[in-house]
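Take a look at the structure set out below.
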Number of protein chains: 2
Amino acid sequence: MTTGVRRRMGVEERRRQLIGVALELFSRRSPDEVSIDEIASAAGISRPLVYHYFPGKLSLYEAALKRASEDLAARFVEPRTGPLGARLLRAMGRFFDFVDDHGPGFSALMRGGPAVGSSRTNALVDSVRQAAYVQILAHLEIEDPPARLELVIRSWISLVESTALIWLDGRRIPRRELEVQLVHDFAALAAVSATHDDEMRALLHRVLKDEPGDGPFSDLVARLIALAS
Amino acid sequence: MTTGVRRRMGVEERRRQLIGVALELFSRRSPDEVSIDEIASAAGISRPLVYHYFPGKLSLYEAALKRASEDLAARFVEPRTGPLGARLLRAMGRFFDFVDDHGPGFSALMRGGPAVGSSRTNALVDSVRQAAYVQILAHLEIEDPPARLELVIRSWISLVESTALIWLDGRRIPRRELEVQLVHDFAALAAVSATHDDEMRALLHRVLKDEPGDGPFSDLVARLIALAS
C-alpha cells in the first residue's frame, strides 16, 4: 500500500510518465492543441517541472514520437511461418490498431504537425517506413531486391499511410475492409509490376504458389474473376 | 539591339527573374545546397539586392514553390475528350516531365526540404494534390464522390508521388514504363475497390465500357490474362 505521500520519481521514470501522458493526450487531440500546462496537469506536476525534464514542447513531442515510432515498428514484426497473405493481413490489423489509438497525433504528424521542420522527426517517420520495408523483404526472403520490387514495396507503404490518413478523416469505410483491401492492393501492385517485368513475374509466381485457397491473395483472384464476369 | 547599359527591371519583373533563377538552380541541386549568394550571382545582381526583393531564402523558396506548384497543377489539365486511359497516360507523361526537370527541388520538398515547417509550403503541396484530385473527378464526370472513390483517387495520387521520388533516386527504371504502370496501378486499385463495393463496381463498368481495345486499360487486362496463364 502507498502511504499517501507522493513517491519521488527518478528522472527516467518521470520522463517515461510524461511521454505516456503526452501520447495519451495526442491520441485524442492534435499535438498543436495540447499545451504544456495540460500535460503538466495530467501528470500531476507543475509546468516548470515539465520543463526540467523536457526543455520545450518540441523535445517532449520528439520523445513521444520516438516511443510511438518504436511501438509502430514493433507491430510489423510477424513470425516467418504460414502463408504470406495472412501474415500481411495480421500486420495491417496491428497497424490500424495503432492508427485507431493514435488518430489525431498520427494525422498531425503525417500532414505536417508541430514538429515538422525537425529533421529528427522526419528521420523517425522514415525509420518506421524503413522498418516496414525491411520486414516485407525478410518475409519475401529477398536480400538484394531488384529496383521494381523496391518500388512496389515502398510505394505500397506510402499507399498504406495515405489510406490510413484518409480513413481517419471521417472513418467512412470500415477499417476491417481497408485492412483486407490493402493486402489486395499489395498483390495488385505486384501483379501490375509483374506484367511489365519478367523478374517480378517469377517472384510473384514463387510467392503465390504456396498461398492457400482461403487466403487473402486467392480471395482477390476469385474476386477479380467475379468482377470480370 | 541593347546598348550595353543594363536596363533597370521593375519590381515584379525582377522577382520573376529571381524565381526563375532559383528554380533553375533547384533543378540541379537541392535547395538546401543553394545559397543566396549563388542566386544573386546567377541573376547578375548583388546579394543585398536579392534581399530587397525577398526578405530571406525561405520567402524566395516559397515564391519558387508557388510558381512550380502552379506549373505542375496546370499539367494535369487535359481536354475532356477521348478515352480516359489515354488522357491519364498523357497527364502522367507531363507529370514525369516536371519531375525530370525539377528533380532535386522536387525530392527535397517531398522529403522535407528547407521550407518544411512552413504551413504555406504544406498548403502549396496540398493544393497540387487537390488540383490532381479535382481533375480526375471532372474526367470521371462525378461531382459527389463516394468515400471509396475518394480513397482510390487520393491514395493513388500519393502512390504517384512516392513512385516519382523513388524513380528520382537513381532512375533505375525507364520513366516511360512507370508512366504506363501508374495508369495500370490506378485501374488495379479501382478494380480492387470494385471487388469490395457495388457502387465502385458500377462506376468501373461505366468507365471501362468506352475504353478502346488499344488503350492502357485494355492493355492491362490483356497483360493480367497473360500473367495468369
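Chain letters run A, B, ... following the sequence lines, proteins first and then strands; every chain starts at 1.
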(request) Among B:Leu178, B:Asp126, B:Leu189, single out the residue with the greatest number of heavy-atom pairs under 4.5 Å to chain A. (result) B:Leu189
(request) Output the option from B:His184, B:Arg154, B:Arg148 having the highest count of non-hydrogen pairs under 4.5 Å with chain A. (result) B:Arg148
(message) With a 4.0 Å cut-off on N to O distance, would you call B:Glu38 and B:Arg29 a salt bridge?
(response) yes
(message) Is there a side-chain contact between B:Leu140 and B:Ile136 in this structure, where contact means two heavy atoms from C-beta onward sitting under 4.5 Å apart?
(response) yes
(message) Can a side-chain donor-acceptor contact be found between B:Arg87 and B:His139 if the only test is distance below 3.5 angstrom?
(response) yes
(request) State, with a plain yes or no, whether a side-chain heavy atom of A:Phe96 is found less than 4.5 Å away from one of A:Trp167. (result) yes
(request) Pick one of side chain, backbone, both or neither for A:Leu220, based on which atoms fall under 4.5 Å of a heavy atom in chain B. (result) side chain
(request) Indicate the atoms forming the closest heavy-atom contact of B:Phe76 with B:Ala131, along with that distance. (result) CD1-C, 4.2 Å
(message) Which label fits B:Phe106 and B:Phe98: parallel for a plane angle under 30°, tilted from 30 to 60°, or perpendicular past 60°?
(response) perpendicular
(request) Please determine, among A:Ser155, A:Ala188, A:Ala191, the option with the most heavy-atom pairs under 4.5 Å with chain B. (result) A:Ser155
(request) Select, from B:His196, B:His205, B:Arg201, the one with the greatest count of heavy-atom pairs under 4.5 Å involving chain A. (result) B:His196
(message) Please rank B:Arg172, B:Glu161, B:Arg223, B:Glu150 by heavy-atom pairs under 4.5 Å with chain A and give me the top one.
(response) B:Arg223
(request) Just give me the residue among B:Leu165, B:Ile166, B:Leu204 that pairs up with chain A most often, heavy atom to heavy atom, under 4.5 Å. (result) B:Ile166
(request) Side chain from CB out, backbone as N, CA, C, O: work out which of these in B:Leu159 comes under 4.5 Å of a heavy atom of chain A, or both, or neither. (result) both
(request) Determine the option with the most heavy-atom pairs under 4.5 angstrom with chain B, choosing from A:Thr163, A:Leu208, A:Asp169. (result) A:Thr163
(message) Minimum heavy-atom separation for A:Ala194 and B:Leu227, please, with both atom names.
(response) CB-CD1, 3.8 Å
